[in-house]
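Just so it is clear, the values below take in all heavy atoms, side chains as well, and ignore hydrogens, waters and symmetry mates.
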Amino acid sequence: MTLIAMEFSSKTMKLLLLWISFFQVLFAVSIVSGERSDTRLLLTRNAASRERHSEEYCAMYDICGAREDGKVLNCPYGSPSVKPDDLLSQKIQSLCPTITGNVCCSEAQFDTLRSQVQQAIPFLVGCPACLRNFLNLFCELTCSPHQSTFINVTNTAKVKGNLTVSGIDFYVYDSFGEGLYESCKEVKFGTMNTRALNFIGAGAQNFTEWYAFIGRRAPLDVPGSPYAMTFKPTAPESSGMKPMNVSTYSCGDISLGCSCGDCPQSPVCANTAPPPHHEGGSCAVRIGSLKAKCVDFALTILYIILISMFLGWGLFHRKRERNQTSRMNPLLDIKDSGEVIRKKDENLPAQMVEDSPQTGSRVQLSIVQGYMSKFYRRYGTWVARNPILVLSLSLAVILLPCVGLIRFKVETRPEKLWVGPGSKVAEEKRFFDTHLAPFYRIEQLILATVPEAGAQKRPSIVTENNIKLLFEIQKKVDGIRANHSGSMVSLTDICMKPLDKDCATQSVLQYFQMDPRNLENYGGVEHVNYCLQHYTSADTCRSAFKAPLDPSTSLGGFSGNNYSEASAFIVTYPVNNVIDKEGNETDKAVAWEKAFIQLVKDELLPMVQSKNLTLSFSSESSIEEELKRESTADVITILISYLVMFAYISLTLGDTLHLSSFYISSKVLLGLSGVMLVMLSVLGSVGFFSAIGVKSTLIIMEVIPFLVLAVGVDNMCILVHAVKRQPLELPLEGRISNALVEVGPSITLASLSEVLAFAAGSFIPMPACRVFSMFAALAVLLDFLLQVTAFVALIVFDFLRAEDKRVDCIPCMKISSSYADTPKGIGGRRPGLLARYMREIYAPMLSLWGVKIAVISIFSAFTLACIALTTRVEPGLEQQIVLPQDSYLQGYFNNVSEYLRIGPPLYFVVKNYNYSSESSHTNQLCSISQCGSKSLLNEIARASLTPESTYIAMPAASWLDDFLVWISPEAFGCCRKFTNGSYCPPDDQFPCCSSDTGSCGLGGVCKDCTTCFRHSDLNNDRPSTSQFKEKLPLFLSALPSADCAKGGHGAYTSSIDLQGYENGVIQASSFRTYHTPLNKQIDYVNSMRAAREFSSRVSDSLKMEIFPYSVFYMFFEQYLDIWRTALINLAIAIGAVFVVCLVITCSLWNSAIILLVLAMIVVDLMGVMAMLNIQLNAVSVVNLVMSVGIGVEFCVHLTHAFSVSCGDRDRRVRDALGTMGASVFSGITLTKLVGVIVLCFSRTEVFVVYYFQMYLALVLLGFLHGLVFLPVVLSMFGPPSRCKLVEKQEDRLSVSLRP
């Protein structure tokens, strides 16, 4: 407890102060008689001195004087005990049931005793055993008929000529003191959830310290006893005295049972199983000194087994292959001539070889592929003949849905982005906001000290100068006037006011009632230090809104309860919120918040920094405003990324660069036109869904253009390169037709796989992922349609331009060029350098058995390692990553993690609480006497004992407990009534206490007020249905005060929904506690999961509907099932690709290989996420789903080229790499790579982490799996060739495709 210095005779004394002047006269009540006559006592004063220490005799009686400070003093003369009249006897026995018959107190003394103890009763009434022991101590001292046997007057003093008591010995057995302390040491004061002994025992750690605090003689004008009291366990044998020997009750006593929160050692509580503990560790295997996770160990064993089997199979297969080769050598000279012809034309695409009259083989395609090839042959010819018509129709069709952009809207509300319409948390939030009250808006300042040079610990913030600075800051905040629609808005217009007068600002300035004049009047920083320990007790420490201020909500950077060591002031301004976020009240609050942030930046920040302090700040609308700023911060970066991709596309689409003809052979205009088609497909998708009322999201605006451009560029490159590979002597329509026959099926296969993969994701309940999947599926579909229609028409125009020697980008200009001298004929156009490298160098290198074994071993090891790493990916999205790096919120969130010592409020909401006498709900919820040991509040108290697993910081503040205490006859100053039955407020409130005269006491208009109920009026201390119904509204309107701290107005105004409660059922009520400090995203997720598990367990046990609610649950519910959402999304996407491949190719073999490679790409990407500490959230889930779509591009084209090639597996892989490998590398890998690299210069970390890092990893993994792993797998495990040997056709064109 804080010590306050007082000077006496040039010496400094430090006294522990209590919020009430409880002990000023508590031990002097035995001497208070008043000046009125007492006709109810039959008093006889002529007693012999030998009867002084005997039974039925009083040690001191009556008042013989008073000190200068008004404290009355006893007469040191004893008197026989007296018999009270019946009414007084009933009053005494209602408070002191151990005293019967004669007494040693008058009616005035008893009234004084009652007026004093009633101030302490609310602190202890939650534990009847403690309260009874506590009352017995003072009842015996004041009214016991055997008072003289354990009270001995040791010192006397004359006051105005009268002899008065100045010191006594109080003989009481240690067993009573120990029993009293043990029954009270864990009792909590319900509203503040702190030890009651902190308020009525100076934080005593044992009964002797408590006795010492009680018996200390107080100086003048200082709270405490007017004379010294010494507690002694034994009395001198010669005195005839004996210590007081009243039995004490254990807090675990069944008849006076305390709640588990007030008595953890109770047998009932000890037998209750503790809340389930979430083990932080996981299964592990120890091998010697090496300790490995079970999953790592299992995957290592699996890898060893698989590699051993693979090497064994490889050796066997290689040996058998060599034997077959040696047996076939004599036959090499008579090999079919078709192979010779195949070798001669090896630079031609596979499809052209099949169509050549000289070939001796043909490819037997699947039925679907055959029909697709026939369709594309006819379609290509028609497009080449009617390019203008095709282009016009395509543009007309795509522009039609773009009209829907006039209804374009962006969804930014978190509850609409992350929570589905049928979501549990959405329903709970709606119920909480409707029946109780929307959670208030938070505006916050964190003022912190700076550590001195070389010091590890920050200095304390609690200094006189810092408090004065805080008053200056508060003055400026109070002076904010924000303009909203012509009216000026101040803090008092929007702040939360529990008592409808003063703002509920959470600040240490509340210890001065927010008035700077009280800084000197109350004693400056010493008063703050005092209030930090007496924040619920001293009247001068009460806030301006009449509620105690918990230091943990206004201070930060301290350990335990060492508040004076705090290194930060935390100032919180709760602002009223409304259910309708678009209402006028919200607009007023937002206007004030903008002015508040501007004030902090312009004035407060420089002011604080000049004092060598730090200041961080935030408002309710800060995150939304900063996200808006972020959305525009990287526009230039994204545009540069797209421009770089466009520049590369233009270069890669063109022919080999020759300075003499580059302006004709380049494809800049074609590339630009292709990019415009990609953008039109995105706009068409967004326009279509906007037209039908689906709002877009920031993820869609940032990801889908990149995705569709990546897919579209791939198709553009493949189409253009396919046309270039055709013989130049063929007419243009023949080249277009053959190109579409060659690559059309693979483009269709890839695009339909992507469309179906994304479309399947639209069934996911998370709105952000669902909407992304819908937009992406339609955009990819429109892009595919434009590629095979408008872009093919544009290719026709571009090739006609080039053949007509017209300049690229300026087609109206025609010039002479060496391009006209380009050799024509079959093979006249040599394959590009990259294609030759793929066929002549790269493919032969991959065909080496050593390389194959190394590739399979390395990729398998990496995939299995990534499976192990995937388990380390944590759900969440750190707020610092989402915000711009220069945002003021970056420092704020860092300070929140560093300084806050309490987490977000947690409400346990009870539905349909039946308070009728016939129902057991009351005892199933409360935590005071007669309540069930497994009641909700007792379970919360137990859960708070293991905060590391439950994330519950403290027992809950209970309106029900406080209401039951408020109506209890034991709480004399709370629920009272006038003689006419109307409600009578506590004695320190109007009209009992006149605000004009300041006079408060037992006299006046409230002198005849009595408690609402007697014990006999209640049933086992519980009100009847009608009593509950009648008194509950009075409780909720009762103001808390010193005489009755249990008033519910302000503290519980929004905790109960009174609508329809007259029927005996309260539809909604809440019990508030707090989470432990939550610093990381995983803490938020785990705390929500723990709260739900706790509520579910208690709900099942009590057969009541209970759910937890905290303001952040809306944002974090997605992470409870984010793994399930991600895995389902990915499974659907990969499964959709598999189905499309199976339907089109009719090859389970090919489809399984594509499935394997896609799964490896996704798993490896998740492993890279773990390596880079990238969390799993909606953004990363979208990226993972997108990786399936882009991964298809790396797999399908190469696999299709392999399936339509002839020869053995190695030769078919070489042909596939020679035709499609170059397109995949230049059209997919390099295009995406140059665009992604630009994103590393983003100013927003979310782009760097979730777009640059993940996209870069995706491109590299796709490239490695598509051009390294896949060719090796195909060369070893690929399906057999579909080529069939046929007789040479001399007189007619061979049929190359056979469905």
| Within a strict 4.5 Å, meaning less than it, do heavy atoms of the Leu141 and Leu137 side chains meet? | no
| Is the Cys531 SG less than 2.5 Å from the Cys541 SG? | yes
| What closest approach, in Å, do Lys977 and Cys1012 show between heavy atoms, and which atom pair accounts for it? | NZ-O, 3.5 Å
| said: Can you confirm whether the thiol sulfurs of Cys143 and Cys105 sit closer than 2.5 Å? | reply: yes
| message | I need the Asn152 CG to Asp169 CG distance, nearest 0.5 Å. | response | 5.5 Å
| said: Please evaluate residues Cys251 and Cys184 with respect to the criterion disulfide bond (SG atoms under 2.5 Å apart), reporting the C-alpha separation (whole Å), side-chain torsions for both, the decisive distance (0.1 Å), and the verdict. | reply: CA-CA 8 Å; Cys251 67; Cys184 295; over 6 Å; no
| query | Going from CD on Glu186 to SG on Cys130, what distance comes out if it is rounded to the nearest 0.5 angstrom? | reply | 11.0 Å
| Where is the tightest heavy-atom contact between Glu55 and His146, given as atom of each residue plus distance? | CB-ND1, 3.4 Å
| request: To the nearest 0.5 Å, tell me how far Leu960 CG sits from Asn923 CG. | output: 9.0 Å
| request: Mind telling me whether Tyr530 and His527 have parallel, tilted or perpendicular rings, with 30° and 60° as the class edges? | output: tilted
| Are Thr248 and Glu182 side-chain neighbours, meaning at least one heavy-atom pair lies under 4.5 Å? | no
| request: Could you tell me whether the side chain of Pro145 reaches within less than 4.5 Å of the side chain of Glu140, counting heavy atoms only? | output: no
| said: What's the separation between atom SG in Cys992 and atom CZ in Arg976, rounded to the nearest 0.5 Å? | reply: 5.0 Å
Report, one line per pair, each donor and acceptor closer than 3.5 Å where one atom sits in a side chain of residues 234-245; sequence neighbours left out.
{"residue": "Ser239", "atom": "OG", "partner": "Pro236", "partner atom": "O", "Å": "2.6"}
{"residue": "Ser239", "atom": "OG", "partner": "Met241", "partner atom": "N", "Å": "3.2"}

| Ser927 versus Asn938, side-chain donor and acceptor atoms under 3.5 Å | no
| request: Please examine the side chains of Phe150 and Ser144, heavy atoms only from C-beta on, and report whether any two atoms are closer than 4.5 Å. | output: yes
| query | What heavy-atom pair brings Trp210 and Ala204 nearest, and what distance separates the two atoms? | reply | N-CB, 3.6 Å
| Sub-4.5 Å side-chain heavy-atom contact between Trp966 and Lys1031 | yes
| message | Test your reading of the model: is there a side-chain donor-acceptor pair from Ser148 to the backbone of Tyr57, 3.5 Å cut-off? | response | yes
| said: For Tyr511 versus Leu532, what's the shortest heavy-atom pair and its separation? | reply: CE1-CD2, 3.8 Å
| query | Would you say the side-chain atoms of Ser183 and Asn133 include a donor-acceptor pair closer than 3.5 Å? | reply | yes
| Can you find a heavy atom in the side chain of Tyr522 that is under 4.5 Å from one in the side chain of Asn518? | yes
| request: Any chance you could measure Gln1027, atom CD, to Ile967, atom CD1, to the nearest 0.5 Å? | output: 7.0 Å
| Atom pair CZ/CG of Arg132 and Leu180 - distance to nearest 0.5 Å | 12.5 Å
| request: Scan side-chain atoms only and decide if Glu1030 and Tyr983 contain a donor-acceptor pair under the 3.5 Å cut-off. | output: no
| Centroid-to-centroid, Phe207 to Tyr181, below 6.0 Å? | no
| Are side-chain heavy atoms of Gln989 and Pro1040 found at a separation under 4.5 Å? | no
| field | Separation of SG atoms, Cys104 and Cys58, below 2.5 Å | value | yes
| field | Flag side-chain contact, heavy atom, 4.5 Å: Leu964 against Pro1023 | value | yes
